Asker: 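Please read through the structure below; I'll follow up with questions.
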Amino acid sequence: MEVIKPTLFDFHGVSMSNYFVKNWDEVQNFKARPDDILIATYPKTGTTWVCYMLDLLYFGQTCPERQTSTPLDDRVPFLEIAKPNLPTGKELADRLPTTPRLIKTHLPLQFVPKSFWEQNVRIVNVLRNAKDTAVSYYHFCRMNKGMPDPGDWSTFLQNFMEGKVVYGSWHDHVNGWWEKKETYPKIHPMFYEDLIQDTGREIDKLCSFLGLSRSDEEKKRVMEAVQFDNMKKNEMANPKTPAMDFKISPFMRKGKVGDWKNHFSVAQSEQFDEDYKKKMTDVTLQFRTEI
Ligand code: A3P
């Protein structure tokens with residue numbers, strides 16, 4: 001059967017594709033609860049990593065069978081996804097039996113359903129430097145039939161810079177969430193680069209944001225389980241869908257800071273940096289492109 005890749009369109013000023021806005025009204029009317037935890041990220045910034053971390057911190061001890069019986073995507077539903085013949089992310093979230101409910105979204109700030117703000121929900125915002133995000137996103141679009149065709153690397157990079165990718169501009173997305181912290185203190189930013197450098201320290205910070213006390217032994221277990229090589233081997237932590245062809249590119253691809261250097265030419269890097277300077281003017285938001 002011929003596969004028709006989705007196309008991009010403008011959705012209230014943000015480039016989107018069908019699977020992520022088809023269920024718009026339902027998503028907008030989602031009823032968040034005060035103890036929900038929302039993992040809000042731009043795609044390819046370490047979302048799955050942090051979702052798994054949170055799931056283990058909350059339920060690793062109390063509900064160990066969940067780890068072997070339920071795929072991570074069902075434990076931490078993707079709020080806005082709506083694929084044919086599958087339960088929507090919203091349905092999965094509504095059905096979650098846990099407290100708290102862990103819910104992930106890639107929505108830019110302005111699209112987040114209002115009940116999350118009304119219920120004062122805690123939000124973990126994962127961030128990753130733009131160059132590595134672009135590379136990871138490119139490979140993800142290559143291997144995922146559910147994403148628009150990325151074209152070749154230089155075409156994709158140009159589109160990424162112009163925000164012509166699903167979920168729109170990385171710059172707008174990241175700036176929007178970062179600014180929101182000023183008025184909504186229940187956002188905990190986690191940088192991918194910090195996680196790579198010192199996972200244990202970042203787990204400690206996450207626990208203190210969530211008011212969780214976990215023994216050193218428990219935290220060590222979580223740290224071990226979320227290591228790249230262990231997650232790569234863990235079938236339950238990897239998405240399983242015929243839409244993704246892991247022979248083209250694995251989901252757990254490299255898990256490194258600085259892979260952009262293997263993709264960007266010098267000219268591309270300079271052009272990217274020029275454009276970046278114009279769009280990322282908040283000096284309090286600094287990313288590392290190498291560690
Ligand atoms: P790469 O493509 O650069 O390898 P998301 O979950 O938001 O889609 O992000 C996917 C990216 O996070 C991929 O980056 C993936 O390899 C990386 N990743 C996932 N789990 C990781 C882990 N445990 N350690 C390091 N990187 C991880």
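Counting starts at 1 for both ligands and their atoms, in listed order. Computed from a predicted model, the values in this text were never measured in an experiment. Quick note: numbers below take in every heavy atom, side chains included, and nothing from hydrogens, waters or symmetry partners.
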Asker: How about Phe246 and Phe251: are their ring centroids closer than 6.0 Å?
Answerer: no
Asker: Do any heavy atoms of Met231 fall under 4.0 Å from ligand 1?
Answerer: yes
Asker: So, regarding Val226 and ligand 1 (criterion: nitrogen or oxygen to nitrogen or oxygen, under 3.5 Å), is there a contact or not?
Answerer: yes
Asker: Please determine if Gln227 has a nitrogen or oxygen closer than 3.5 Å to a nitrogen or oxygen of ligand 1.
Answerer: no
Asker: So for ligand 1, is Met252 a polar contact partner (N or O within less than 3.5 Å, distance only)?
Answerer: no
Asker: Could you list the atoms of ligand 1 found under 4.0 angstrom from a heavy atom of Phe251?
Answerer: 6 (O), 8 (O), 15 (C), 16 (O)
Asker: Hey, mind stepping through Glu224 and Lys220 against salt bridge (charged side-chain N to carboxylate O under 4.0 Å, His left out) and telling me if it holds?
Answerer: CA-CA 6 Å; Glu224 184 71 21; Lys220 220 170 128 201; over 6 Å; no
Asker: How about Trp49 and Phe228: are their ring centroids closer than 6.0 Å?
Answerer: no
Asker: What part of Arg128, side chain from CB on, backbone N/CA/C/O, both or neither, has a heavy atom under 4.0 Å from ligand 1?
Answerer: side chain
Asker: In the protein, what heavy atom is nearest to atom 9 (O) of ligand 1, and what distance, to one decimal place, separates them?
Answerer: Gly46 N, 3.2 Å
Asker: Check for me whether the distance between the ring centres of Phe20 and Phe11 falls short of 6.0 Å.
Answerer: no
Asker: Any idea which part of Leu195 is under 4.0 Å from ligand 1, heavy-atom wise: side chain, backbone, both or neither?
Answerer: neither
Asker: Relative to the ring of His263, is the ring of His139 parallel (under 30°), tilted (30 to 60°) or perpendicular (over 60°)?
Answerer: perpendicular
Asker: Taking distance alone, with N or O pairs closer than 3.5 Å, would you say Thr45 contacts ligand 1?
Answerer: yes
Asker: Provide the number and element of each atom of ligand 1 under 4.0 Å from a heavy atom of Phe228.
Answerer: 16 (O), 21 (C), 22 (C), 23 (N), 24 (N), 25 (C), 26 (N), 27 (C)
Asker: From the options Tyr192, Phe140, Tyr137, Tyr138, select the one whose nearest heavy atom is closest to atom 27 (C) of ligand 1.
Answerer: Tyr192
Asker: Looking at Lys278, Lys279, Lys131, which hits salt bridge (charged side-chain N to carboxylate O under 4.0 Å, His left out) with Asp273?
Answerer: Lys131
Asker: CG of Asn159 to OG of Ser154: how many Å apart, nearest 0.5 Å?
Answerer: 10.0 Å
Asker: Is the distance from the ring center of Trp170 to that of Phe287 below 6.0 Å?
Answerer: yes
Asker: Tell me which protein heavy atom sits closest to atom 13 (C) of ligand 1, plus the residue, atom name and distance to 0.1 Å.
Answerer: Ser136 OG, 3.7 Å
Asker: Would you check the N or O atoms of Arg253, main chain and side chain alike, for any that come under 3.5 Å of an N or O of ligand 1?
Answerer: yes
Asker: Does Thr47 reach ligand 1 with a nitrogen or oxygen that is under 3.5 Å from one of the ligand's nitrogen or oxygen atoms?
Answerer: yes
Asker: Can you tell me the protein heavy atom closest to atom 8 (O) of ligand 1 and the distance?
Answerer: Lys44 NZ, 2.9 Å
Asker: In the protein, which heavy atom is nearest to atom 6 (O) of ligand 1, and how far is it?
Answerer: Thr48 OG1, 2.5 Å
Asker: For the residue pair Lys22 / Thr88, report whether a side-chain donor-acceptor contact shorter than 3.5 Å exists.
Answerer: no
Asker: Let me confirm one number: the NZ-CD1 distance from Lys180 to Ile187, rounded to the nearest 0.5 Å.
Answerer: 7.0 Å
Asker: Check whether any side-chain heavy atom of Leu79 sits under 4.5 Å from a side-chain heavy atom of Phe116, and report yes or no.
Answerer: yes
Asker: Could an N or O of ligand 1 be found under 3.5 Å from any N or O of Asp132, whether backbone or side chain?
Answerer: no
Asker: Can you find an N/O atom of Gly255 closer than 3.5 Å to an N/O atom of ligand 1?
Answerer: yes
